[in-house]
Peer 1: 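Pasting a structure here, questions to come.
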Amino acid sequence: MKDVKIAPSILSADFSKMGEEVRSLQESGADWIHCDVMDGVFVNNITFGIKMVEDLHKITTLPLDCHLMIVHPEKYVERFAKAGAHIITVHYEACKDNLEEVLRLIKSTGAKCGAVINPDTPVEKIEKAIPLCDMVLIMSVFPGFGGQKFIPESLDKLREVKAIVQKLGKDIDIQIDGGVNPENVALVKEAGASVIVAGNAVFKAQNRAEMIAKLKA
Ligand code: DX5
Ligand code: ZN
């Protein structure tokens, strides 16, 4: 089994000092920086976009994991890649008719690509696209806000994706996003997650390095 990566979500950061926040995550042992991009249309919240990724890319060597919660992601993926995104994930719900095309477009930029499903979308909807993916992201909360409660049914979806990935025999990461904390992290790892997003757990911790180590252990 490969090492689990921890990807703190900067959605929970203090946006007025984002540079310091990201430096602190890097010093605390984060593996990736999870960037939650929201457009106020696909979800009921607005965060940040390409410029944030571009500026963060200048101040950190950590891979920027860009989770696009936006409609028409195909319009923007090339610019996110150019800004320095290491991996770009797009929602099935935002590109039901062209998911595979969008994944190929991301790959053509040189960035890694991933497909995301919401808690009420079955794994079978993206099954055909999984061989194209570097990562599959299972949402364990409905996207839009940090600090929500983990939906336990997500564990079955992780197992389902893990079985598909094993059958393919490909090196595809499985990411879990939403409500992960020290109490449930063992369960998500057991179920197959190899990349763990954590917003509130890391940002509300007294000691970020200890929390990241705890989630990783
Ligand atoms: C939800 C975001 C998540 C979320 C994670 O829309 O995609 O990345 O902020 O935050 P926590 O860990 O607090 O649920
Ligand atoms: Zn996210």
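Position 1 is the first residue of the sequence, and the numbers go up from there. Note that these values count all heavy atoms, side chains included, but never hydrogens, waters or copies made by symmetry.
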Peer 1: Of the non-hydrogen atoms in L103 and A115, which two are nearest, and what is the gap between them?
Peer 2: CD2-N, 4.2 Å
Peer 1: Hydrophobic cluster membership, with links at side-chain heavy-atom distances under 4.5 Å among I/L/V/M/F/W/Y: are V185 and L25 in one?
Peer 2: yes
Peer 1: Got a second to check how far D177's CG is from F150's CZ, nearest 0.5 Å?
Peer 2: 10.5 Å
Peer 1: If two hydrophobic side chains count as joined below 4.5 Å and joins carry through other members, does I87 share a cluster with I70?
Peer 2: no
Peer 1: Distance check, rounded to the nearest 0.5 Å: L11 atom CG versus H34 atom NE2?
Peer 2: 8.0 Å
Peer 1: Treating N207 as the side-chain partner and E210 as the backbone partner, does any N or O pair qualify as donor plus acceptor under 3.5 Å?
Peer 2: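 Yes: the side chain of N207 pairs with the backbone of E210.
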Peer 1: Apply side-chain contact (heavy atoms from CB on, under 4.5 Å) to the pair E127 and E160, showing each step before the final yes or no.
Peer 2: CA-CA 10 Å; E127 192 162 352; E160 217 179 310; 5.8 Å; no
Peer 1: Please check if the number of heavy atoms outside K214 that lie under 6.0 Å from its NZ is greater than 12.
Peer 2: no
Peer 1: Could you report the tightest heavy-atom contact between I176 and S154, atom names first, then the distance?
Peer 2: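 Looking at all heavy atoms of both residues, the shortest contact is CD1-CB, 4.1 Å.
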Peer 1: Considering residues, nucleotides and ligands other than D120, do more than 12 of their heavy atoms fall under 6.0 Å from its CG?
Peer 2: yes
Peer 1: Do S24 and R208 come within less than 4.5 Å of each other through their side chains, counting heavy atoms only?
Peer 2: yes
Peer 1: Listed by chain and number, what are the salt bridge (Lys or Arg N to Asp or Glu O under 4.0 Å) partners of K107, not counting sequence neighbours?
Peer 2: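 D134.
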Peer 1: Treating D39 as the side-chain partner and V71 as the backbone partner, does any N or O pair qualify as donor plus acceptor under 3.5 Å?
Peer 2: yes
Peer 1: Hey, does the side chain of K157 reach the backbone of P119 with a donor-acceptor pair shorter than 3.5 angstrom?
Peer 2: yes
Peer 1: Take N181 and N184, measure what side-chain contact (heavy atoms from CB on, under 4.5 Å) needs, and give me the verdict at the end.
Peer 2: CA-CA 6 Å; N181 57 43; N184 58 25; 3.4 Å; yes
Peer 1: Treat each ILVMFWY residue as a node, draw an edge where side-chain heavy atoms are under 4.5 Å apart, and state whether L99 and I138 are in one component.
Peer 2: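 Cluster IDs for L99 and I138 match.
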Peer 1: Within the distance-only criterion (no hydrogens, no angle test), does the side chain of Q175 pair as donor or acceptor with the backbone N or O of M135 below 3.5 angstrom?
Peer 2: no
Peer 1: What's the separation between atom OH in Y92 and atom CD1 in I126, rounded to the nearest 0.5 Å?
Peer 2: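 Nearest 0.5 Å value for the OH-CD1 distance: 10.0 Å.
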Peer 1: Give a yes or no on whether Y76 atom OH has more than 12 heavy-atom contacts from other residues, nucleotides or ligands under 6.0 Å away.
Peer 2: no
Peer 1: Can you tell me if N45 uses its side chain to pair, donor with acceptor, with the backbone of G144 under 3.5 Å?
Peer 2: yes
Peer 1: With a 4.5 Å heavy-atom cut-off, do I10 and E21 have their side chains touching?
Peer 2: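 No, every pair of side-chain atoms sits at 4.5 Å or beyond.
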Peer 1: Nearest heavy-atom pair of V53 and C66: which atoms, and what distance?
Peer 2: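 Closest approach of V53 to C66, heavy atoms only: CG2-SG, 3.8 Å.
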Peer 1: How far does NZ of K125 sit from CG of N118, to the nearest 0.5 angstrom?
Peer 2: 13.0 Å
Peer 1: Look up atom CE in M38 and atom CG in L68, then write down how far apart they are to the nearest 0.5 Å.
Peer 2: 11.0 Å
Peer 1: More than 12 heavy atoms of other residues, nucleotides or ligands under 6.0 Å from NZ of K58: yes or no?
Peer 2: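 Counting other residues, nucleotides and ligands, NZ of K58 exceeds 12 neighbours.
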Peer 1: Show the nearest heavy-atom pair for residues L155 and A191, with the distance to one decimal.
Peer 2: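 Looking at all heavy atoms of both residues, the shortest contact is O-CB, 3.7 Å.
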Peer 1: Where do V37 and G49 come nearest, in terms of heavy atoms and distance?
Peer 2: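 Residues V37 and G49, closest heavy atoms: CG1-CA, 4.4 Å.
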Peer 1: Please determine whether residues V161 and V4 belong to a single hydrophobic cluster, defined as Ile, Leu, Val, Met, Phe, Trp and Tyr linked transitively by side-chain heavy-atom distances below 4.5 Å.
Peer 2: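 Yes, V161 connects to V4 through the hydrophobic network.
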Peer 1: Taking the side chain as every heavy atom from C-beta outward, state whether P8 and I212 have any atom pair closer than 4.5 Å.
Peer 2: yes
Peer 1: Could you tell me whether the side chain of T60 and the main chain of L56 form a donor-acceptor pair under 3.5 Å?
Peer 2: no
Peer 1: Within the structure provided, determine whether M139 and V141 are in side-chain contact (heavy-atom separation under 4.5 Å).
Peer 2: yes
Peer 1: Would you say D36 and T47 are linked by a side-chain donor-acceptor pair, where the criterion is simply a distance under 3.5 Å?
Peer 2: no
Peer 1: Applying side-chain contact (heavy atoms from CB on, under 4.5 Å), run through Q206 and M211 and close with a yes or a no.
Peer 2: CA-CA 8 Å; Q206 295 280 6; M211 178 53 71; over 6 Å; no
Peer 1: Report yes if the side chains of P73 and F80 come closer than 4.5 Å at any heavy-atom pair, otherwise no.
Peer 2: no
Peer 1: Show the numbers, then the answer: is there a side-chain contact (heavy atoms from CB on, under 4.5 Å) between F203 and D14?
Peer 2: CA-CA 9 Å; F203 281 92; D14 180 341; over 6 Å; no
Peer 1: Are L158 and L187 connected in a single hydrophobic cluster, I mean Ile/Leu/Val/Met/Phe/Trp/Tyr linked by side-chain heavy atoms less than 4.5 Å apart?
Peer 2: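 Yes, L187 connects to L158 through the hydrophobic network.
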Peer 1: Counting only heavy atoms not in H72, do more than 12 fall under 6.0 Å of its NE2?
Peer 2: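 No, the 6.0 Å shell around NE2 holds no more than 12 heavy atoms from other groups.
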Peer 1: Give a yes or no on this: more than 12 heavy atoms of other residues, nucleotides or ligands lie within 6.0 Å of atom CG of N44.
Peer 2: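 Atom CG in N44 is not packed in, count stays at 12 or less.
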Peer 1: Take atom CZ of R159 as the centre, draw a 6.0 Å sphere, and report whether it contains more than 12 heavy atoms from other residues, nucleotides or ligands.
Peer 2: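 Buried by this count: over 12 neighbours within 6.0 Å.
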Peer 1: Distance check, rounded to the nearest 0.5 Å: I130 atom CD1 versus E100 atom CD?
Peer 2: 11.0 Å
Peer 1: Flag the pair V90 / V116 as yes when at least one side-chain heavy-atom distance between them is below 4.5 Å, and no otherwise.
Peer 2: no
Peer 1: Looking at side-chain heavy atoms only, is the closest gap between H91 and P143 below 4.5 Å?
Peer 2: yes
Peer 1: Can you confirm whether V197 sits close enough to V180 that some side-chain heavy atom of one is under 4.5 Å from a side-chain heavy atom of the other?
Peer 2: no
Peer 1: Mind listing the closest non-hydrogen atom pair of F142 and Q148 along with its distance?
Peer 2: O-NE2, 2.8 Å
Peer 1: Between D173 and K112 (salt bridge meaning N to carboxylate O under 4.0 Å), is one present in this structure?
Peer 2: no
Peer 1: For A217, is there any backbone N or O sitting under 3.5 Å from a side-chain donor or acceptor partner on K189?
Peer 2: yes
Peer 1: Between the side chain of K170 and the main-chain N/O of P131, is any donor-acceptor distance below 3.5 Å?
Peer 2: yes
Peer 1: Spell out, as yes or no, whether a donor-acceptor pair under 3.5 Å connects the side chain of S140 to the backbone of G178.
Peer 2: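 Present.
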